[in-house]
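It should be emphasised that the depicted structure is a prediction, and the values quoted were computed from it without experimental measurement. Lettering of chains follows the sequences in order, A, B, ..., and the numbering in each one begins at 1.
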Number of protein chains: 2
Amino acid sequence: MARHKAFDEDRALDLAVDCFWHRGYEGTSVRDLAESMGIGSASLYNAYGDKRALFTRSLERYANRSMRERIARLEANHQSKEAIVAFIAEIIDRSVKDPDRKGCLLVNSALDVAPHDREIGKVVGRYLGEIRAFFHRNLTAARRAGRLPKRLDLEETSDHLLGVLLGIRVLARTGARRKLLEGVAQPALDLLETRQ
Amino acid sequence: MARHKAFDEDRALDLAVDCFWHRGYEGTSVRDLAESMGIGSASLYNAYGDKRALFTRSLERYANRSMRERIARLEANHQSKEAIVAFIAEIIDRSVKDPDRKGCLLVNSALDVAPHDREIGKVVGRYLGEIRAFFHRNLTAARRAGRLPKRLDLEETSDHLLGVLLGIRVLARTGARRKLLEGVAQPALDLLETRQ
DNA sequence: ACTTATTTGGAACGAACGCTACAAAATAGA
DNA sequence: TCTATTTTGTAGCGTTCGTTCCAAATAAGT
């Protein structure tokens with residue numbers, strides 16, 4: 001009854017993610033997006049709404065494919081404490097190996113667009129909350145398994161791990177060396193060991 | 001022999017800092033700047049060069065009046081270890097009390113503009129290095145005074161404190177509560193005490 | 001084949017962007 | 001008072017912004 005789309009909507013969305021990731025929300029124009037996605041602006045507006053709507057869909061796509069995928073994979077393949085250690089290690093490794101130093105789209109957005117857009121700010125806050133929940137969930141499991149220092153405050157440690165992660169992401173974007181990022185992380189990881 | 005400026009160049013620069021701080025580099029237009037500074041665009045270009053030059057001067061002004069002032073004041077009024085604790089406490093306090101949640105201009109710039117401008121990126125990196133140097137300098141003094149745990153690695157701890165500070169700044173910009181920010185900071189501060 | 005519904009490329013909209021041109025206004029030395 | 005030099009307000013330069021319009025193209029049901 002009607003013409004079909006000539007492009008894969010999800011694949012194009014991935015390309016939009018790359019755009020926003022590289023240049024930020026303000027720094028990315030609709031023309032940039034359309035060209036990178038390989039479609040015309042009419043198709044873009046028809047499929048995704050306006051620039052802001054495309055951005056929130058890009059954020060969601062990124063969260064699902066990057067953050068949630070990582071959390072699910074690490075929790076499937078590692079025990080609680082090791083999942084946390086592997087999470088931090090993977091972030092550092094990917095950060096220093098990324099030649100573009102893009103950092104994390106969620107963190108970049110937290111500083112860039114969240115303060116000027118209450119709704120997007122809430123969304124970003126929820127995603128960061130999911131990362132904290134990952135830490136807290138695995139800390140709780142590790143505590144139940146008797147693998148954490150007795151006096152460790154799990155709420156406080158969850159906050160701390162989240163903060164350390166964000167600090168790493170910021171420093172990574174400025175081009176910091178691996179040694180610095182590992183220095184940021186190490187004391188936080190030491191908290192999880194009984195004998196430091 | 002020539003007409004005088006009708007505005008205070010430093011005072012106008014402070015107003016430019018507020019502009020960039022509120023809305024970021026890309027989000028601030030030259031018209032925004034001129035209006036906030038209370039001058040015409042001709043005066044702006046005559047006094048500061050172009051938008052980018054005004055931004056680097058704003059960064060420098062911010063670093064001098066905010067970061068360096070704080071470091072100098074705390075080092076003058078506190079002993080080494082207490083200067084570090086007071087630094088973190090002051091950042092948290094100012095963060096939660098700022099109704100605009102502007103965070104730190106240097107950190108915002110580190111994520112926003114530094115990745116797209118090599119020269120500004122280096123400048124921002126140097127400023128962050130000064131903060132790390134503040135931590136390292138006072139850790140060294142505290143060590144000499146025998147007021148730090150014997151096994152504490154000062155390089156690693158300096159990195160860690162810097163990362164924690166940046167994490168706090170990011171979370172503050174998203175509107176985090178005081179309890180979360182203090183949770184991020186507390187384990188880092190505990191590192192400095194022999195009996196935790 | 002005709003109708004109906006959707007997508008597509010391309011042109012163009014008004015608004016905002018960074019920046020500049022220019023002449024009037026203001027100062028101080030001659 | 002005249003000259004030289006700088007600052008100021010204003011208007012507007014060319015470009016790019018997000019977005020929309022529209023006719024041609026494409027599909028499926030009748």
* Got a sec? Which of residues 7-34 of chain A come in under 4.0 Å of DNA chain C, heavy atoms? -> A:F7, A:R31

Hey, is the main chain of [Y] close enough, under 3.5 Å, to the side chain of [X] for a donor-acceptor pair?
X      : Y      : result
A:R70  : A:I91  : no
B:R68  : B:Y62  : no
B:H136 : B:T157 : no
B:R173 : A:L111 : yes

* Asked: Once the angle between the rings of A:F20 and A:F55 is folded into 0 to 90°, is it parallel (under 30°), tilted (30 to 60°) or perpendicular (over 60°)?
  -> perpendicular

Nearest-Å distance, [atom1] ([X]) to [atom2] ([N])?
X     : N      : atom1 : atom2 : value
B:I39 : C:dA25 : CD1   : C1'   : 17 Å
B:L44 : D:dT10 : CG    : P     : 16 Å
B:L54 : C:dC19 : CG    : P     : 10 Å
B:N46 : C:dA25 : CG    : P     : 19 Å
A:Y48 : D:dT19 : OH    : P     : 16 Å
B:E35 : C:dC17 : CD    : P     : 11 Å
B:M37 : D:dT7  : CE    : C1'   : 15 Å

* **salt_bridge(B:R147, B:E82) N-O dist < 4.0 Å** =>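 Here B:R147 pairs with B:E82 in a salt bridge, since their nearest N and O are under 4.0 Å apart.
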
* **Lys/Arg-Asp/Glu bridge criterion (N-O < 4.0 Å) met for B:R137, B:E75** => yes

* Asked: Quick one: which of B:V184, B:L180, B:D190 gives a side chain to side chain contact (heavy atoms under 4.5 Å, CB included) with A:E156?
  ->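 The side chain to side chain contact (heavy atoms under 4.5 Å, CB included) with A:E156 is passed solely by B:D190 among B:V184, B:L180, B:D190.
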
* Asked: Do any side-chain nitrogens or oxygens of B:H4 fall under 4.0 Å of OP1 or OP2 in C:dA28?
  ->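 It does, given that an N or O in the side chain of B:H4 lies less than 4.0 Å from OP1 or OP2 of C:dA28.
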
* Kindly say if A:S43 contacts the phosphate of C:dT8, meaning a side-chain N or O under 4.0 Å from OP1 or OP2. =>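 Yes, such a contact exists.
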
Between the protein and nucleotides 20-23 of chain C, list the N/O to N/O atom pairs that are separated by less than 3.5 angstrom.
from	atom 1	to	atom 2	distance (Å)
C:dT20	O4	B:S41	OG	3.1

* Asked: Across the strands shown, which category fits A:A6 at heavy-atom distances under 4.0 angstrom: base, sugar-phosphate, nothing?
  ->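 It contacts sugar-phosphate atoms only.
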
* Please state whether the base of D:dA25 and the side chain of A:R3 form at least one donor-acceptor pair under 3.5 Å? =>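 Present.
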
* Asked: Less than 4.5 Å apart, any side-chain heavy atom of B:H78 and any of B:I84?
  ->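 Result no, sub-4.5 Å side-chain heavy-atom pair not found.
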
